[in-house]
Amino acid sequence: MPPFPASRFRQPLITWFRRHGRDLPWRRTRDPYAILVSEFMLQQTQVATVVPYYEHWLARFPDFASLARADESAVLHAWQGLGYYARARNLHAAAQSVAKNVGGVLPNDLAKIAALPGIGRYTAGAVATFAFDQAVPIVEANIARVLARLTNWEKPIDTAAGRDHLWSTASVLLPKKNGRLHNSALMELGALICLPRRPLCAQCPVQKFCAAVEPAALPRKRAKPRQVLLHESHAFALRRERILLEQSHARWRGMWILPRLAAVPPRSPLLQLDFPFTHHRITLSVFAATRSFLPNEKQRWFPIAQLAELPVPSPHRRALEELLPRQNLCSTFART
DNA sequence: AAGACGGGGTT
DNA sequence: AACCCAGTCTT
């Protein structure tokens with residue numbers, strides 16, 4: 001096989017990107033902190049979901065120092081609703097690590113960036129390329145799709161062999177300069193043209209380089225585990241305009257949820273709601289607390305008015321929004 | 001290598 | 001209802 005004509009591939013890609021690339025907030029800055037925030041938020045989360053969180057976050061925590069000195073509760077609150085809350089804890093810890101550095105600046109060295117908590121191969125490369133314009137490869141969902149099709153890779157991409165193939169392909173395509181422009185363009189091609197279900201091949205600037213036989217069938221992934229059904233019971237305890245919540249030490253570590261019940265009470269729930277969770281489907285039942293309910297050390301009574309300031313995961317927030325208005329209170333509880 | 005980890009949007 | 005998403009970390 002002849003070597004792939006990387007430079008002839010890149011030229012029309014770049015031209016296309018200059019004309020059609022989106023004006024995204026994190027493309028208007030080269031501030032390493034802002035880029036890092038955007039990359040944490042964009043892990044497994046779509047652009048449209050991230051934009052308002054990103055804007056609010058930068059207003060609330062404008063730099064590494066302000067984030068480093070914030071309380072974890074404030075950090076989780078600003079992340080509330082985005083999911084994968086370990087990202088928020090890791091970003092917080094990364095900011096505290098950076099703030100200890102001389103000058104409080106992010107290192108521009110790939111290995112040092114990758115050593116920060118919550119930063120893997122992709123995010124380290126993304127920060128290096130988008131903040132510092134380094135020519136390093138990056139592979140995320142968009143680029144993975146583009147490269148699997150470009151090379152007609154018909155084996156699963158979410159295996160060691162698949163990942164090796166994608167990262168080495170990304171390296172082959174990489175120019176020696178202008179890493180940011182190249183990587184942005186490749187990613188944008190996946191986001192706007194090389195779509196998951198119905199790729200717009202007729203509009204693709206690099207179609208003549210593409211080896212895909214049936215692009216819509218790529219990339220392939222390993223089979224997912226079947227969905228598991230779970231039931232969880234929680235208490236709704238309201239006393240004198242205060243509600244009993246407990247701080248999670250498990251799934252939503254650090255966030256406040258309705259108190260967990262060890263057993264299902266022998267009465268009908270006030271509310272049931274279903275929410276998907278990874279490959280689980282969880283039915284959350286909320287029961288009125290009986291008079292014998294005794295708070296433990298993880299639990300606290302909160303004034304209803306204070307709820308809006310607490311980090312509460314979405315399923316529990318939905319339960320509260322449903323139950324509190326039923327109590328004939330002037331609830332000031334609202335998503336902020 | 002496999003599983004855990006959210007939430008919302010799209011098909 | 002299944003699939004998708006600017007992935008990372010722990011077993």
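Everything numeric in this text was worked out from a predicted model, so none of it was measured. Below, chains carry the letters A, B, ... as their sequence lines are ordered, and counting in each starts from 1.
For A:Gln44, whose side chain is taken as the heavy atoms from C-beta onward, the closest listed nucleotide among B:dG8, C:dC4, C:dG7 is C:dG7. Residue A:Gln43 has its side chain nearest to C:dG7 when only C:dC4, B:dG6, C:dG7 are considered. Taking only side-chain atoms of A:Arg145, from C-beta outward, the nucleotide of B:dC5, C:dC5, C:dC9 with the closest atom is C:dC5. For A:Arg318, the listed nucleotide lying nearest its side chain is B:dG8; candidates were B:dG8, B:dA2, B:dG7. In the set C:dT8, B:dC5, C:dC4, B:dC5 carries the atom at the smallest distance from any side-chain atom of A:Thr278.
Once rounded to the nearest 0.5 Å, the distance linking NE2 of A:His92 with CZ of A:Phe40 reads 12.0 Å.
Atom CG in A:Leu76 sits about 13 Å away from atom C1' in B:dG6, given to the nearest Å. Taking atom CG of A:Leu230 as the reference point, atom P of B:dG6 lies 14 Å away to the nearest angstrom. Atom pair A:Tyr53:OH and B:dG9:C1' shows a separation of 13 Å (rounding to whole Å applied). We find that CD of A:Gln46 is positioned 11 Å from C1' of C:dC3, with the value rounded to whole Å. Nucleotide C:dC9 holds its C1' atom 15 Å from the CG atom of A:Leu116, rounded to whole Å. For the pair A:Leu166 CG and C:dG7 P, the computed distance is 13 Å after rounding to whole Å. Atoms CZ (A:Arg89) and C1' (B:dG6) sit 12 Å apart, rounded to a whole Å. Residue A:Leu82 contributes atom CG, which lies 10 Å from atom P of B:dG7 at whole-angstrom precision.
Residue A:Ile143 is classed as having no contact, given no heavy-atom separation below 4.0 Å to the nucleic acid. At the heavy-atom level, A:Arg198 lies nowhere under 4.0 Å from the strands shown. At the heavy-atom level, A:Pro276 lies nowhere under 4.0 Å from the strands shown. Heavy atoms of A:Tyr85 sit under 4.0 angstrom from primed sugar atoms or phosphate atoms, though from no base atom. The residue A:Ala86 sits apart from the nucleic acid: no heavy atom pair falls under 4.0 Å. At a threshold of 4.0 angstrom between heavy atoms, the contacts of A:Ser38 with the nucleic acid are absent. Backbone-only contact: A:Ala160 has heavy atoms under 4.0 Å from sugar-phosphate atoms and none from a base. In this structure, A:Arg253 reaches neither bases nor backbone, as no heavy-atom distance under 4.0 Å exists between it and the strands shown. Across all strands, A:Phe277 comes closer than 4.0 Å only to sugar-phosphate atoms, never to a base (heavy-atom distances). Nucleic acid contact class of A:Arg163 (heavy atoms, under 4.0 Å, all strands): none.
With hydrogens and angles left out, the side-chain atoms of A:Thr123 and A:Gln43 include a donor and acceptor closer than 3.5 Å. Using a 3.5 Å distance cut-off with no hydrogens or angles, the side chains of A:Gln80 and A:Arg317 do pair a donor with an acceptor. Side chains of A:Ser285 and A:His231: no donor on one and acceptor on the other come within 3.5 Å. In this structure, a donor-acceptor pair under 3.5 Å is absent between the side chains of A:Glu188 and A:Ser184.
Between A:Trp57 and A:Tyr53, the gap from one ring centroid to the other reaches at least 6.0 Å.
For A:Glu39 and A:Ile119, each mapped to the nucleotide of DNA chain C holding its nearest heavy atom, the one lying further toward the 5' end belongs to A:Glu39. Nearest-nucleotide positions on DNA chain B for A:Pro315 and A:His280 put A:His280 closer to the 5' end.
Side-chain N or O atoms of A:Ser171 include one that pairs as donor or acceptor with a backbone N or O of A:Trp167 at under 3.5 Å.
Put simply, A:Arg281 has no side-chain N or O that comes within less than 4.0 Å of OP1 or OP2 on C:dA2. Considering only side-chain N and O atoms, A:Thr49 lies nowhere under 4.0 angstrom from the phosphate OP1 or OP2 of B:dG7. Distances shorter than 4.0 Å separate none of the side-chain N or O atoms of A:His279 from OP1 or OP2 on B:dG3. Residue A:Thr123 has a polar side-chain atom (N or O) positioned under 4.0 Å from OP1 or OP2 of C:dT8. Look at A:Arg87 and you won't find any side-chain N or O under 4.0 angstrom from OP1 or OP2 of B:dC5. At the phosphate of B:dA2, neither OP1 nor OP2 sits under 4.0 Å from any side-chain N or O atom of A:Lys221.
For the P atom pair drawn from C:dT11 and B:dG6, the interatomic distance equals 15 Å after rounding to whole Å.
Scanning atom types as modelled, one donor and one acceptor separated by under 3.5 angstrom connect the side chain of A:Thr45 and the base of B:dG6.
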